[in-house]
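Computation of the quantities below employed the complete heavy-atom set of this structure, encompassing side-chain atoms and omitting hydrogens, waters and symmetry-equivalent molecules. These figures come from a predicted structure and were not determined experimentally.
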Amino acid sequence: MQKLPERLEFSLSFHASRLAMALRREQMIALKPFQLTPEQWQVLAVLWEFDTVSQSDLAAITQRDEPSISRMVRTMETNGWVERNIDKTDGRTRRIRPSNKAWESRAELFNA
């Protein structure tokens with residue numbers, strides 16, 4: 001392998017970025033049997049902790065924009081990982097919660 005230029009060799013941000021890419025690659029491999037992405041796993045981890053959250057709170061917690069979360073949650077709902085319901089007190093708000101499938105897979109997914 002070619003030696004890194006000295007500027008990169010001592011760059012914390014360069015190595016942090018490489019580490020993040022390597023961890024994401026490993027997580028993608030581990031989640032493949034579940035047909036989940038690392039971002040979807042992150043959504044499930046939040047939902048397991050809070051049980052139910054609004055779609056906008058989910059976007060804020062995961063630091064994703066609301067249209068991206070909306071698409072992701074829709075896909076996860078189609079694949080049976082989450083349930084999405086209209087908030088009883090505010091009809092404009094969608095509440096997201098883990099499905100039974102998500103709860104049943106929780107221990108296995110935390111080890112993935």
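Scanning all heavy atoms of the two residues, the minimum distance from Val73 to Val82 falls at O-CG2, 3.7 Å. Shown here for Val43 and Met72, the closest heavy-atom pair between the two residues is CG2-SD, 3.6 Å.
Sorted by first and then second residue, the side chain to side chain donor-acceptor pair (under 3.5 Å) pairs involving residues 87-96 (not counting sequence neighbours) are Asp87-Thr89, Asp90-Arg92, Asp90-Thr93. Pairs passing the salt bridge (Lys or Arg N to Asp or Glu O under 4.0 Å) check and including a residue from residues 98-112, sequence neighbours excluded, do not occur. Sequence neighbours left out, the pairs with a member in residues 42-52 that pass side chain to side chain donor-acceptor pair (under 3.5 Å) are Gln42-Arg64.
For the atom pair Ser99 OG and Leu44 CG, the distance stands at 7.5 Å (nearest 0.5 Å). Between Ile61 atom CD1 and Phe50 atom CZ the span is 5.0 Å, to the nearest 0.5 Å. Separation of atoms CD (Gln40) and OG1 (Thr75) is listed at 6.5 Å; rounding is to 0.5 Å. Rounded to the nearest 0.5 Å, atoms CD1 (Ile96) and CG (Asn85) are 8.0 Å apart.
For the pair Leu47 and Trp103, the minimum side-chain heavy-atom distance is 4.5 Å or more.
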- Query: Passes side chain to side chain contact (heavy atoms under 4.5 Å, CB included), Leu58 versus Thr62? Steps please.
  - Reply: CA-CA 6 Å; Leu58 189 56; Thr62 60; 4.3 Å; yes
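Not one N or O on the side chain of Trp41 forms a donor-acceptor pair closer than 3.5 Å with the backbone of Leu36.
Shown here are the salt bridge (charged side-chain N to carboxylate O under 4.0 Å, His left out) partners of Arg97, two or more places apart in sequence or in another chain: Glu83. Partners of Ser11 according to the side-chain hydrogen bond (donor to acceptor under 3.5 Å, both in side chains) rule, which considers only residues two or more places apart in sequence or in another chain, are Ser13. Under the side-chain hydrogen bond (donor to acceptor under 3.5 Å, both in side chains) criterion, Asn79 pairs with no residue at all, not counting sequence neighbours. Remark: Glu66 pairs with Ser56, Ala59 by the side chain to side chain contact (heavy atoms under 4.5 Å, CB included) rule, at least two apart or across chains. Residues passing the side-chain hydrogen bond (donor to acceptor under 3.5 Å, both in side chains) test with Glu77 are Arg84, sequence neighbours excluded. For Arg71, the side-chain hydrogen bond (donor to acceptor under 3.5 Å, both in side chains) criterion is met by Ser68, not counting sequence neighbours.
Members clustered with Met21: none, using a 4.5 Å side-chain heavy-atom cutoff among hydrophobic residues.
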Please set out all donor-acceptor pairs under 3.5 angstrom arising from side-chain atoms of residues 22-35, sequence neighbours excluded.
residue	atom	partner	partner atom	Å
Arg24	NE	Glu39	OE2	3.3
Arg24	NH2	Glu39	OE1	3.0
Arg24	NH2	Glu39	OE2	2.6

